[in-house]
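Accompanying notes for the structure given below.
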Protein chains: 2
Amino acid sequence: MKRTYLDHIAATPLRPEAFEAMRPFLTEAFGNPQSLHSAGQEALAAVDAAREEVAALVGASPGEIYFTASGSEANNFAIKGLALGQQARGRHIVVSAIEHNSVLNSVKALERSGFSSTLVPVDREGRVDPAEVEKALTKDTVLVSVMTANSEVGTIEPVAEIAAVCRSRNVLFHTDAVAAAGNIPVDVKTLGVDALSLAGDQFYGPKGSAALFVRKAARILPLIDGGIQEGGRRGGTENVAGIVGLGKAAALAKAEMARRTAALVPLRDRLLDELPGRIEHVIVTGPRINRLPHHASFCVEFVEGEGMLLFLDMKGIAASSGSACTSKALKASHVLLAMGFDHATSQGSLVFSLIDGTSDADIETLFEAFPPIVERLRAMSPLYTQYLKERGS
Amino acid sequence: MKRTYLDHIAATPLRPEAFEAMRPFLTEAFGNPQSLHSAGQEALAAVDAAREEVAALVGASPGEIYFTASGSEANNFAIKGLALGQQARGRHIVVSAIEHNSVLNSVKALERSGFSSTLVPVDREGRVDPAEVEKALTKDTVLVSVMTANSEVGTIEPVAEIAAVCRSRNVLFHTDAVAAAGNIPVDVKTLGVDALSLAGDQFYGPKGSAALFVRKAARILPLIDGGIQEGGRRGGTENVAGIVGLGKAAALAKAEMARRTAALVPLRDRLLDELPGRIEHVIVTGPRINRLPHHASFCVEFVEGEGMLLFLDMKGIAASSGSACTSKALKASHVLLAMGFDHATSQGSLVFSLIDGTSDADIETLFEAFPPIVERLRAMSPLYTQYLKERGS
């Protein structure tokens, strides 16, 4: 069976160049970067080179990049580390309602130790209004976190404007750029952010390799206390191979971003434009502009996302019904609910996210396979039967 | 130049079988284990199989194994997560004075939020006396952590006895088995521990892959909040390849432990027995019995560890002067100080840690190279000049 992988937001394939860059560090070059001997120094040089590549992707200095094992770890490190680092000044945090669970649950963990928080709403397209962020700030606010782009609905947020609001009020600003970095231009100086999370498995790097940018002047406490690794701010032996793969993926993303985007945007737009015409009761979620170039998302009414995913899988098509971190929880997405969709509609969430190499033929395959799947699922749906009855009357 | 790698405690080479097991997950099998489609389920099956292999290595149930990205993360997760999970009952923690910095600094972090702690002393060989642990317990103690074995001096601690003390007082007990697991028999049931940390790069698995065992009944809060991965207790997309490599290394360690130990112990003992006879003023640190099978450690008086490492490296010999996590900090080891060595002597710390495949020829190479290095360094040492002067008078 032909396999059609349209689940970029869950994981991208690893670029063969990145695997080849990693290979020596999974075979003969096994030194610990903190060892003084040659084997260690060879590993350290590779980690340092990768740090420069990751820094270059986001316009940072290498000394401002801290390697982590996942975007979630980077988000935990940012939210907890920055909040605890500033708590002498205040204990209030502002985040958007559509942040990733690693941000939202980090805030909840801080609330258990005396912090308070405000959730900023979003509009129907998932956009955070910078004025709403400003309204949420109090004298006690020490940290704001709004994501660069949302992986469930593709919305690119006005991060530079939000960062400007925070700067003018002397409040630290973190952005979760896990879905964005490596896919759209992200520059910490242009955006004016104090901290930024990114993850390799969102731009053809390895799983288990991610990073947090923290501006030099920003005080952050470690999430993982330990030895002298990462400037004493993140303990644990470095995952050298993973870091090297992340660096290579970052360099490739920087070099190829324009080409990848140019190839994917027409396919994305074809999905957004044509899919709703091929099946009744399909709603595009997220915006048409300021949208991730690889991202098309929908709510398919009277159908559950999980059912569609399983039937699509039987046709060789891999897609997602939202964040892979919550997909099995079978809960309505907090993102869609915050955007004003009702529970029933949110259950039909579906994301087709394209990878480098996705072709018109892949879109055709999807267009062919998908409508019969929806029809079949609707035939089994009490909600749809009820809808037809009501419409008939 | 022939390379002689005697730095097991910093990092072991990755077993080729483990690399081969990882390879599919770094190439075609790139799915996210949390995805419902086949690519995701294939990754999940591999993670589950690895969880069984890791559980089998330490006699645990697979559901009690949480994958982490390092031994340090596992230690942070255990100390912070268990302490915070029990804080309604009390806020006092007991740890030994020779724990890894990831344990000691986790305790310090907890002290900033109201916990208190007691450091239990060790004897001249680095051994923790269970009676001392018992003495340190208060009505407020909720957690004790004592390592299974120390990587700087090789001491294997009486963990089963300490665990029994804790159990009789209804206090949770964690052991950092990073240096021990995969190298000596470690069974969570025999030991009677509530939590146990282990790391792949200490038994020929990949860096960036480690685990925490937590007994089912023990309440632990996440260190990394996020999605539904690892039963909701550790957020972040799983490092599938790393986990698979860890599983393979665990299975190999279980199958080969007796053979590896039988091969290494005579070489270790030769080092411990003969090195002090080949150079003056060399002291064995740590015990002769209850010692890691791959571990020989010394203090070389009137010489600094770093100098010896660099000269040894020029001869192609990789060794360590203690924990790689602190080796560049140029501080006297807290482990040796706790064992009663003075600052000057501690500076001459040196660890030769053998790997599977280390041979008599490697030991000969070391015996040949090492004495001239020490002589040369001592010739430059003001302390040694002073010593000779005093001895002469």
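The basis for the numbers below is simple: all heavy atoms, side chains too, and nothing from hydrogens, waters or symmetry mates. Given the structure is predicted, the values throughout are model-derived calculations rather than measurements. Each chain gets a letter, A, B and so on, in the order its sequence line appears, and its residues count up from 1.
From B:Lys207, atom NZ reaches atom CG of B:Leu246 across 13.5 Å, with rounding to the nearest 0.5 Å. In this structure, CD in B:Glu73 is found 12.5 Å from OG1 in A:Thr237, a value given to the nearest 0.5 Å. Interatomic distance, OH of A:Tyr204 versus CG of A:Asp356, reported as 5.0 Å (0.5 Å rounding).
With a 4.5 angstrom heavy-atom cutoff, A:Met22 touches chain B only via side-chain atoms. Of the two parts of A:Ala318, the backbone and the side chain both hold a non-hydrogen atom closer than 4.5 Å to a non-hydrogen atom of chain B. With a threshold of 4.5 angstrom between heavy atoms, A:Glu28 does not approach chain B through any atom at all. With a 4.5 angstrom heavy-atom cutoff, A:Ser38 touches chain B via backbone and side-chain atoms both. Of the two parts of A:Phe77, neither the backbone nor the side chain holds a non-hydrogen atom closer than 4.5 Å to a non-hydrogen atom of chain B. Residue A:Leu223 touches chain B through both its backbone and its side chain, counting heavy-atom pairs closer than 4.5 Å.
The residue among A:Ala109, A:Gly31, A:Gly40, A:Gly71 with the most heavy atom pairs within less than 4.5 Å of chain B is A:Gly31. Note: A:Asp225 leads A:Asp313, A:Asp225, A:Leu312, A:Asn239 in heavy-atom pairs under 4.5 Å with chain B. In terms of heavy-atom pairs under 4.5 Å with chain A, the best-connected choice from B:Ala69, B:Pro13, B:Ser102 is B:Pro13. Per-residue heavy-atom pair counts under 4.5 Å with chain B were compared for A:Leu104, A:Ile79, A:Thr12, and the maximum is reached by A:Thr12.
Of the candidates B:Arg23, B:Arg15, B:Glu17, B:Phe19 forms a side chain to side chain contact (heavy atoms under 4.5 Å, CB included) with just one, namely B:Arg23. Among B:Asp176, B:Thr68, B:Asn75, the one residue that satisfies the side-chain hydrogen bond (donor to acceptor under 3.5 Å, both in side chains) test with B:Ser197 is B:Asn75.
The backbone N or O of B:Gly208 sits nowhere less than 3.5 Å from a side-chain atom of B:Ser70 that would complete a donor-acceptor pair.
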